[in-house]
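Here's the structure, in structure tokens; my notes come after.
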Amino acid sequence: MSPAQDQKSATACAKCGACLVVCPVYRQSRNEIHSARGKLHLLDVLGLDGHGPVFEEIFTGCLLCGACSERCPRGIDITELIRSARGAFPAVHGGHGYEKYLARKVLESPRLLKGLAKVARLTGPRIAVSLPADSGLRLRLGIFERGVTETDGPTVEKTAGEGAGRLLCFNGCSFTHLYPEISKSTQEVCERFGYELAAPDKLRCCGLAADSAGDRQTAAKLARQNITALEEEQGPILVPCASCYSALVNYPNLFADEPQWHQRAVQLTSRLLEVNSFLSSCLAECRSSRKKSRRKKVYYHHPCHLRFGAAATPPPVELLSEQLGMEMVKPDGDPACCGQGGLFHIGEPELSARIRTSLSTRVFSLEPEIITTSCSGCLMQWIGAVHHRGAPIAVKHPLELVRDFLCSRS
């Protein structure tokens with residue numbers, strides 16, 4: 001989208017303020033610059049010419065959750081406008097610009113990410129213990145402490161002879177390197193239902209971080225590599241991470257001006273399996289054998305990437321409540337953003353923490369035993385919240401809950 005198109009779209013804003021009530025950042029800051037209306041007004045008045053650090057800071061202070069675009073009565077794709085605006089900025093821009101830039105570069109390099117993730121998993125929790133309780137670094141390192149977990153228990157028994165088929169798996173960076181136990185659960189659950197699971201060696205980062213930063217060139221480069229790798233085999237593609245799923249679904253938009261790649265991206269999206277829907281299908285004939293015993297209290301966090309946009313899917317209520325026999329707890333009010341927002345928590349750590357605390361305070365009051373979500377970023381944010389609170393709450397991916405359920409029935 002060109003700057004001229006950006007300005008024309010921004011001009012379409014009626015300044016009605018419908019976006020204000022749904023914006024997680026504005027609801028915390030009460031600053032108009034954090035609203036979609038405020039950003040579109042700046043684009044309308046100033047365009048993208050002559051922007052400076054303050055302008056960049058305003059446009060990086062956005063989670064890109066998609067709530068404003070969903071609510072806009074004129075159907076303006078506000079998140080796309082903000083991404084496009086960021087694309088006109090230097091590689092290093094906004095708050096904590098160098099940290100965000102380095103994070104994107106690490107995600108682009110599987111070898112570097114693997115090495116750093118291994119060091120962080122081994123040393124992070126130990127270093128965190130020696131830091132002050134309110135240290136920002138301690139809270140960040142706390143994402144490697146997942147609290148109570150049963151994932152390291154008995155292995156799920158394989159089911160021979162069902163022949164459900166072969167699945168490709170796009171694990172994503174976080175589940176491959178930061179939380180490999182989730183990848184292990186994916187493998188075991190799929191094998192239990194008779195699927196042969198394979199992950200192509202040449203898969204790269206989904207490109208969401210680059211695209212969110214406005215770096216469409218890098219996002220498209222990563223998309224081409226992933227499309228090529230996944231085209232080597234046919235069949236469905238399971239995507240355990242909600243953020244990766246939304247990024248893959250968005251691939252056709254990256255190639256709007258490249259017909260050949262656009263078509264290949266469309267074909268790829270037709271093969272994607274969102275993990276909660278996949279698990280619900282697998283467990284369709286199962287009902288919990290523990291319904292007469294005490295049901296564990298579970299809070300399910302529905303990621304913004306699954307609430308808005310092309311990747312929107314309903315929350316897995318039946319999977320958790322009926323099929324796994326969980327007692328679902330839900331705070332009053334609409335589903336809320338956790339405040340992680342990809343690299344937003346790096347660029348705006350204070351706002352991110354305030355958004356997280358606003359939601360986690362309401363959730364913790366319900367005394368859940370487990371918090372579950374399929375988004376890698378949301379998992380990190382909730383692990384940090386639990387770590388900060390010191391609460392005996394397990395933070396798990398739905399795949400891990402299904403794995404635990406299958407182990408209990410073995």
Side-chain angles (χ1 to χ4, degrees), residues 107-111 113-114 156 158-211 218-255 258-284 305-306 310-311 313 374-376 397-399 402-403:
L107 289 172
E108 292 172 32
S109 171
R111 182 177 298 179
L113 178 60
K114 181 178 180 180
V156 175
K158 297 181 181 180
T159 300
E162 289 190 5
R166 181 177 175 85
L167 289 176
L168 296 183
C169 185
F170 190 96
N171 271 320
C173 301
S174 295
F175 297 160
T176 299
H177 302 295
L178 299 182
Y179 307 119
E181 62 273 18
I182 296 178
S183 294
K184 178 182 177 183
S185 292
T186 306
Q187 185 78 34
E188 292 189 16
V189 168
C190 288
E191 288 180 349
R192 171 61 179 80
F193 289 108
Y195 288 97
E196 179 186 355
L197 198 65
D201 294 331
K202 298 178 183 178
L203 290 178
R204 304 291 295 275
C205 169
C206 65
L208 182 64
D211 191 30
T218 297
K221 175 185 174 182
L222 293 170
R224 290 188 185 94
Q225 291 173 313
N226 289 326
I227 292 171
T228 301
L230 291 166
E231 284 178 338
E232 292 181 1
E233 289 194 52
Q234 298 300 310
I237 304 166
L238 178 64
V239 188
C241 173
S243 291
C244 290
Y245 179 74
S246 70
L248 296 176
V249 167
N250 189 55
Y251 275 4
N253 294 330
L254 292 176
F255 303 111
E258 300 180 57
Q260 184 178 2
W261 279 104
H262 177 81
Q263 183 58 35
R264 292 171 69 175
V266 169
Q267 291 175 352
L268 176 74
T269 59
S270 69
R271 299 166 55 195
L272 300 178
L273 292 178
E274 191 273 321
V275 67
N276 290 320
S277 300
F278 169 74
L279 292 174
S280 295
S281 176
C282 289
L283 287 167
H305 284 133
L306 296 185
T313 58
S374 62
C375 173
S376 58
H397 189 283
L399 274 159
V402 171
R403 180 194 178 281

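Values below: every heavy atom of this structure, side chains too, minus hydrogens, waters and symmetry copies.
Looking at T186 and L197, their side chains come closer than 4.5 Å, going by heavy atoms from C-beta outward.
Nearest heavy atom pair, residue A310 against residue V249, reads CB-CG1, 3.7 Å. Closest approach of T269 to V266, counting heavy atoms only: OG1-O, 2.7 Å. For the residue pair C190 and L167, the shortest heavy atom distance occurs at SG-CD1, 4.1 Å.
For F170, the ring pair (Phe, Tyr, Trp, His ring centres under 6.0 Å) test picks out no residue, with sequence neighbours left out. In this structure E258 satisfies the side-chain contact (heavy atoms from CB on, under 4.5 Å) test together with R224, F255, W261, sequence neighbours excluded. For the side-chain hydrogen bond (donor to acceptor under 3.5 Å, both in side chains) test, residues two or more places apart in sequence or in another chain that qualify with S277 are E274. Every residue two or more places apart in sequence or in another chain that forms a ring pair (Phe, Tyr, Trp, His ring centres under 6.0 Å) with Y195 is listed here: F278. Under the side-chain hydrogen bond (donor to acceptor under 3.5 Å, both in side chains) criterion, N226 pairs with Y251, sequence neighbours left out. For the side-chain hydrogen bond (donor to acceptor under 3.5 Å, both in side chains) test, residues two or more places apart in sequence or in another chain that qualify with E233 are R166. For T218, the side-chain hydrogen bond (donor to acceptor under 3.5 Å, both in side chains) criterion is met by D215, not counting sequence neighbours.
Within the structure, salt bridge (charged side-chain N to carboxylate O under 4.0 Å, His left out) pairs that include any residue of residues 235-253 do not occur (at least two apart or interchain). Under the salt bridge (charged side-chain N to carboxylate O under 4.0 Å, His left out) criterion, the residue pairs touching residues 261-271 are E231-R264, with sequence neighbours excluded.
Although no hydrogens or angles enter the test, the distance criterion places no donor-acceptor pair under 3.5 Å between the side chain of T176 and the main chain of C173.
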Walk me through it: do D211 and N250 pass the test side chain to side chain contact (heavy atoms under 4.5 Å, CB included)? CA-CA 10 Å; D211 191 30; N250 189 55; 3.5 Å; yes
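H397 has its ring centre less than 6.0 Å from the ring centre of F175.
Atom CD in Q187 sits 15.0 Å away from atom CZ in R192 (nearest 0.5 Å). Separation of atoms OG (S174) and CG (L107) is listed at 7.5 Å; rounding is to 0.5 Å. How far CG of L399 is from CD1 of I182: 8.0 Å, rounded to the nearest 0.5 Å.
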Could you tabulate the donor-acceptor pairs under 3.5 Å formed by side-chain atoms of residues 198-207, not counting sequence neighbours?
| residue | atom | partner | partner atom | Å |
| --- | --- | --- | --- | --- |
| R204 | NH1 | Q225 | OE1 | 3.3 |
| R204 | NH2 | E108 | O | 2.2 |

With a cut-off of 3.5 Å and sequence neighbours excluded, list every side-chain donor-acceptor pair involving residues 237-246.
| residue | atom | partner | partner atom | Å |
| --- | --- | --- | --- | --- |
| S243 | OG | H305 | ND1 | 3.1 |
| S246 | OG | S243 | O | 2.8 |

